[in-house]
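FYI, side chains are in, hydrogens and waters are out, and symmetry mates aren't considered; it's all heavy atoms of this structure. Being a predicted model, the structure only gives us computed values, none of them experimental. Both counts, for ligands and for their atoms, begin at 1 and track the order of listing.
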Amino acid sequence: MQQSYQLCCPCHFGLELTLCFEISKIGGTDIAAQDGRVLFRGNDLTIAKANLCLSTAERILVQLGQFPAYNFEDLFQGVRALPLEQWIGVNDAFPVKGHALSSQLHSIPDCQSIIKKSIVERLSSVYHVHWFQETGAVHLIRFSIRKNIVTIYLDTSGIGLHKRGYRKNANAAPIKETLAAGIVDLARVNSQSIVCDPFCGSGTLLIEAAWKAMRMAPGLNRRFQAELWEQIPQGVWREAREEAVSNIRHDGDFTAFGFDIDPKAIALTEENCRKAGVKPRIHIQQQDIGDFQPPEGAITICNPPYGERMLDIQHAQSIYRIMGEVFPADKNHPCHIITPDADFELHFGKAAHKKRKLYNGMLQCCLMSYFRDIQR
Ligand SMILES: C[S@@+](CC[C@H](N)C(=O)[O-])C[C@H]1O[C@@H](n2cnc3c(N)ncnc32)[C@H](O)[C@@H]1O
């Protein structure tokens, strides 16, 4: 029987349940949502599928151990007791990164160096060498210390999973791909949907919507750190990729429309859609929000300008008022708008039918959803 590991995916606050559902679809077990992350169990194949297929996970971590630590000795001994040689070979590199919160151990550089020394001591006793060249595959060790509990993880993803490979260039305020994927899921986009984004920027929401509709695994155009590890057989990655490719659907009628006032954003969206392989499904046009008319049955998804300085905020709010005039925001024209403005509904002129708290980076936002018949 294949070995089962405790796995952990950090995610945007508010997307935990979406991620739980995604994990259940790739065969993860013992799934448990916590604030900003989901824990689950799985084997080598689950690690490969998770990296390839989970659209709302930030990265896939193997949890190596967890223990209390109130001082450096506790930290050193706790790390030294972990079977690190199961993962880290004699030539492998093992950089250490992490964070601490509400704990006696709070100096990150000191914790980093204690953990590094402890790993060296553990591996020295196993490999009988005292100097590690670290010229092999990178096995990034991540630590988290919260309320004096240390958790040690191994990062299987490398570059964050939001990097899909289609958005090398972005406009000034792009939404993160993983958050966009979560919004698309909450908006219930499927293979037959018509989707509009009247503020498409670099096209992220449109591309994530198209990929979901076509069941395109978001990691198919990139590589992951653990693909270089001897500990996960190459055949496992091959199997996961072949399955992901065979799941892609080209038969649905999914279509999307992207608009933006800025011609540079239009060019960027076109380029990114081409790179993402969804250009034939997406129609892009320069247009001011005042001229927006959603097709019947289309789902509108957007992150309009936020505005950070006072003048920008007033401009953003005038845009919300125009949106209120041009978005029917009813059963036949559902719309989902992410905004940090607590008074959004006031400017838009309609109370949301559902509000979900979501974080765009450190910024607390709300996804305002409108999908019911107008109340008379
Ligand atoms: C927050 S950005 C959207 C980012 C986009 N979701 C992405 O991931 O790249 C807002 C966009 O609204 C556009 N915009 C600003 N005023 C507009 C208007 N009056 N009509 C249409 N688009 C407008 C900007 O050009 C910008 O691209």
Side-chain angles (χ1 to χ4, degrees), residues 12 15 55-56 58 160-187 189 195-212 218 256-276 278-279 282-294 298-309 311-327 335-341 344 347-348 358-369:
H12 278 272
L15 293 184
S55 68
T56 52
E58 296 301 319
L161 294 180
H162 66 283
K163 296 272 185 194
R164 322 285 211 206
Y166 63 76
R167 203 179 75 182
K168 299 247 162 35
N169 307 315
N171 65 332
I175 193 165
K176 209 167 169 189
E177 295 84 338
T178 39
L179 178 58
I183 293 173
V184 159
D185 186 69
L186 295 170
V189 170
V195 166
C196 299
D197 180 355
F199 303 98
C200 65
S202 47
T204 321
L205 283 159
L206 299 169
I207 293 168
E208 292 296 328
W211 277 10
K212 179 172 165 58
F257 299 89
F259 308 98
D260 201 289
I261 197 168
D262 180 356
K264 286 199 211 101
I266 296 302
L268 202 53
T269 297
E270 285 207 8
E271 185 190 333
N272 291 341
C273 287
R274 202 173 304 114
K275 281 192 205 144
V278 298
K279 182 73 189 57
I282 299 183
H283 309 278
I284 307 149
Q285 196 187 314
Q286 186 184 353
Q287 190 183 76
D288 184 279
I289 187 61
D291 299 323
F292 177 65
Q293 278 185 318
I299 307 171
T300 298
I301 314 173
C302 60
N303 78 313
Y306 291 175
E308 262 145 40
R309 284 164 296 152
L311 260 184
D312 295 346
I313 291 174
Q314 283 169 2
H315 181 225
Q317 291 176 343
S318 72
I319 287 183
Y320 302 160
R321 275 193 288 280
I322 298 170
M323 286 165 68
E325 288 160 20
V326 296
F327 284 25
C335 60
H336 306 266
I337 303 147
I338 182 166
T339 174
D341 192 328
F344 174 83
H347 305 293
F348 189 67
L358 286 178
Y359 278 81
N360 189 357
M362 297 304 284
L363 195 60
Q364 187 185 313
C365 294
C366 232
L367 184 67
M368 304 286 177
S369 295

Of all heavy-atom pairs linking Gly290 and Val326, the shortest is O-CG1, 3.6 Å
Under 4.0 Å between heavy atoms, the region of Ile322 that gets near ligand 1 turns out to be neither
Under 4.0 Å between heavy atoms, the region of Cys200 that gets near ligand 1 turns out to be backbone
Identify, by atom number and element, the atoms of ligand 1 in contact range of [X], meaning under 4.0 Å from any of its heavy atoms.
{"X": "Gln287", "answer": "20 (N), 21 (C)"}
{"X": "Thr204", "answer": "7 (C), 8 (O), 9 (O)"}
{"X": "Ile319", "answer": "16 (N)"}
{"X": "Gly201", "answer": "5 (C), 9 (O), 27 (O)"}
{"X": "Asp288", "answer": "19 (N), 20 (N)"}

Minimum distance, heavy atoms only, to [atom]: which one of [options] is it?
{"atom": "atom 23 (C) of ligand 1", "options": "Ile289, Asn360, Ile261, Ile266", "result": "Ile261"}
{"atom": "atom 7 (C) of ligand 1", "options": "Ala265, Ser202, Pro305, Ala180", "result": "Ser202"}
{"atom": "atom 3 (C) of ligand 1", "options": "Phe259, Phe292, Phe199", "result": "Phe199"}
{"atom": "atom 24 (C) of ligand 1", "options": "Asp262, Asp260, Ile338, Leu179", "result": "Asp260"}

Hey, what do you get for [atom1] ([X]) to [atom2] ([Y]), rounding to the nearest 0.5 Å?
{"X": "Ile207", "Y": "Lys279", "atom1": "CD1", "atom2": "NZ", "answer": "11.0 Å"}
{"X": "Ile183", "Y": "Lys176", "atom1": "CD1", "atom2": "NZ", "answer": "13.0 Å"}
{"X": "Leu206", "Y": "Phe259", "atom1": "CG", "atom2": "CZ", "answer": "9.5 Å"}

Fill in: NZ/NE/NH1/NH2 to OD/OE distance under 4.0 Å, Glu271 and Lys275
yes
Check your understanding: Is Arg164 reaching over with its side chain to a backbone N or O of Ser55, donor-acceptor style, under 3.5 angstrom?
Key -> yes
Over 60° means perpendicular and under 30° means parallel, so tell me whether Phe348 and Phe327 are parallel, tilted or perpendicular. perpendicular
More than 12 heavy atoms of other groups within 6.0 Å of Lys163 NZ
no
Are more than 12 heavy atoms, taken from residues, nucleotides or ligands other than Gln293, located less than 6.0 Å from that residue's CD atom? no
Backbone or side-chain N or O of [X] under 3.5 Å from ligand 1 N or O:
{"X": "Ile175", "value": "yes"}
{"X": "Asn303", "value": "yes"}
{"X": "Asp197", "value": "no"}

Is the closest side-chain donor-acceptor distance between Thr178 and Glu58 under 3.5 Å? yes
If you measure from each heavy atom of His315 to ligand 1, is any distance below 4.0 Å? no
